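What you are looking at is a predicted structure, and each value in this text was computed from that prediction instead of being measured. Quick note: residue numbers are just sequence positions, from 1.
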Amino acid sequence: MASSSVAGDIELDRPNLEDYLPSDSLPQESPRNLHLRDLLDISPVLTEAAGAIVDDSFTRCFKSNSPEPWNWNIYLFPLWCLGVVIRYGILFPLRGLTLLVGWLAFFAAFFPVHFLFKGQKLRSKIERKLVEMMCSVFVASWTGVIKYHGPRPSTRPHQVFVANHTSMIDFIILEQMTAFAVIMQKHPGWVGFIQKTILESVGCIWFNRNDLKDREVVAKKLRDHVQHPDSNPLLIFPEGTCVNNQYTVMFKKGAFELGCAVCPIAIKYNKIFVDAFWNSKKQSFTMHLVRLMTSWAVVCDVWYLEPQYLRDGETAIEFAERVRDMIAARAGLKKVPWDGYLKHNRPSPKHTEEKQRIFADSVLRRLEES
């Protein structure tokens, strides 16, 4: 980790243990004792320990927290088995059927409107309503219990909405109320098909995390979007990655450099029935949806907070931190000072093992010298 390397570069004035002992209790040191004292100098160990603590603090932001098992005795186990039968044998087929019927109805209406309607405004209005309808079908397929707090977002220029990010379903939950144009990472498979054929109709903007040239293009598209009076409200997840809804990582400053109002949205999931966090490294989005559809319900609160503006003398980074403070306080999230992109660009296990080998060799060499 970066903080670990920084700690290793700082020269500390470390007091010796002997400084705190009575002078008459100090033993006469031989060259061997001097080597041993050097060996036991704990600063390298503290540096490695600090690195481990930082790494643990970072990785806990992206860990799923499994619920405590409750089927631990002979009375509860039959009830748990009955719940499995209901969730997988009854609810899941019904929800799957709901999703299938919803998709068929959506495609039956969307493609004729998209290709046959010539009036741009009327076509866009119908497409927005159809996208909102399809997102409502998705929420119904999880038996979503969503409570919205605050005024519903309005469609007007010179504003951008920012929210904390737990899963791609954040977008679905927000989209069923308002047809946001979202900035989102490009995805493969059926999700990519929906992005290209459907979501572009509401003005969504895609980016490739691994393409550095894409950043300038996307930044220009964002500025143009917020200035256009007929554009759908722009939604950005400034963390840049999914976090487990207990923490919030650093906000990217791009959304706060657009020179417009920033409207915070706080999203908090209740884990009583299912953990809505999507760990994209361990689970495909399809399997994530299956897990939600085989749960009892997805329970969530959404708060639309007061619009915020850049203050005099305030930098974009300070503005982003102030908005993050608001979202964290409202949703009950813990702030951590890490960049979420480290989730995708962390040192490989091979690099970590090599670092451990070098440290072990240095210890063995000093032992031999002593």
Query raised in the report: In terms of heavy-atom contacts, does CZ of Phe107 have more than 12 from other residues, nucleotides or ligands at under 6.0 Å?
Result: yes
**Report entry** Contact summary for Ile236 and Ala255, nearest pair of heavy atoms
**Finding:** CD1-CB, 3.7 Å
Requested in this report: Using the rule that two of Ile, Leu, Val, Met, Phe, Trp, Tyr join whenever any of their side-chain heavy atoms come within less than 4.5 Å, decide whether Ile317 and Leu222 are in one cluster.
Outcome: no
Query raised in the report: Would a 4.5 Å heavy-atom cut-off, applied to side chains only, mark Val274 and Leu292 as touching?
Result: yes
Query raised in the report: Taking everything shown except Lys335 itself, do over 12 heavy atoms lie less than 6.0 Å from its NZ?
Result: yes
Query - Within 6.0 angstrom of Leu104 CG, more than 12 heavy atoms from elsewhere - result: yes
Query - Within one Ile-Leu-Val-Met-Phe-Trp-Tyr cluster: Trp278 and Met287, side-chain cutoff 4.5 Å - result: no
**Report entry** Phe161 and Phe180: CA distance, side-chain angles, deciding distance, ring pair (Phe, Tyr, Trp, His ring centres under 6.0 Å) verdict
**Finding:** CA-CA 9 Å; Phe161 292 81; Phe180 287 105; 5.2 Å; yes
Report task. Report the C-alpha separation of His165 and Thr241 in whole Å, then their side-chain angles, then the decisive distance to 0.1 Å, and conclude whether the side-chain hydrogen bond (donor to acceptor under 3.5 Å, both in side chains) test is met. Result -> CA-CA 7 Å; His165 198 24; Thr241 190; over 6 Å; no
Query - N/O donor-acceptor pair under 3.5 Å between Gln227 side chain and Asp224 backbone - result: no
Query raised in the report: Are Val290 and Phe273 grouped together when hydrophobic residues (ILVMFWY) are joined by side-chain heavy atoms under 4.5 angstrom apart?
Result: no
Query raised in the report: Atom CZ in Arg330, atom CG in Asp325: separation rounded to 0.5 Å?
Result: 14.5 Å
Report summary line: CG (Leu305) and SG (Cys263) are apart, to the nearest 0.5 Å, by 9.5 Å
Report task. Please determine which of Lys268, His149, Lys147 meets the side chain to side chain donor-acceptor pair (under 3.5 Å) test together with Asp301. Result -> His149
**Report entry** Nearest heavy-atom neighbours spanning Ala266 and Ala331
**Finding:** CB-CB, 4.1 Å
Query raised in the report: Can you say whether the rings of Tyr304 and Tyr148 are parallel (under 30°), tilted (30 to 60°) or perpendicular (over 60°)?
Result: parallel
Requested in this report: State, with a plain yes or no, whether a side-chain heavy atom of Arg291 is found less than 4.5 Å away from one of Gln283.
Outcome: yes
Query raised in the report: Looking only at heavy atoms, which two atoms of Asn232 and Ala179 are closest? And how far apart?
Result: CB-O, 3.2 Å
Report task. Report whether Val299 and Ile146 are members of the same hydrophobic cluster (ILVMFWY, side-chain heavy atoms less than 4.5 Å apart, transitive linking). Result -> no
Query - Between OG on residue Ser136 and CD on residue Glu175, distance to nearest 0.5 Å - result: 10.0 Å
Query raised in the report: Using 4.0 Å as the upper bound for N to carboxylate O, is an ion pair formed by Glu314 and Arg322?
Result: yes
Query raised in the report: Is Leu99 reachable from Leu94 through a run of I, L, V, M, F, W or Y residues, each pair having side-chain heavy atoms under 4.5 Å apart?
Result: no
Query raised in the report: Would you say the side chains of Asp170 and Tyr269 form a donor-acceptor pair under 3.5 Å?
Result: yes
Query raised in the report: Taking the side chain as C-beta and beyond, is there a heavy-atom pair between Phe237 and Val182 under 4.5 Å?
Result: yes
Report summary line: Shortest non-hydrogen pair, Met326 vs Glu306, comes out as CE-O, 4.2 Å
Query raised in the report: Nearest heavy-atom pair of Ile267 and Asn245: which atoms, and what distance?
Result: O-ND2, 3.2 Å
Query - Leu91 side, atom CG; Thr143 side, atom OG1 - distance, nearest 0.5 Å - result: 6.0 Å
Query raised in the report: Taking it one step at a time, do Trp103 and Phe138 satisfy ring pair (Phe, Tyr, Trp, His ring centres under 6.0 Å)?
Result: CA-CA 10 Å; Trp103 273 119; Phe138 266 109; 5.7 Å; yes
Requested in this report: Check whether any side-chain heavy atom of Ile169 sits under 4.5 Å from a side-chain heavy atom of Phe285, and report yes or no.
Outcome: yes
Requested in this report: Identify the two heavy atoms, one from Arg95 and one from Met293, that lie closest to each other, and give their separation to 0.1 Å.
Outcome: NH1-O, 2.6 Å
**Report entry** Reported CZ-to-CD distance for the pair Phe256 and Glu321, which is rounded to 0.5 angstrom
**Finding:** 9.0 Å
**Report entry** Carboxylate-amine/guanidinium proximity below 4.0 Å for Glu239 and Arg324
**Finding:** no
Query raised in the report: So Ser295 and Arg87, side-chain hydrogen bond (donor to acceptor under 3.5 Å, both in side chains) or not? Walk me through it.
Result: CA-CA 6 Å; Ser295 68; Arg87 287 188 290 115; over 6 Å; no
Query - Separation between CZ of Phe277 and CD of Gln246, rounded to the nearest 0.5 Å - result: 10.0 Å
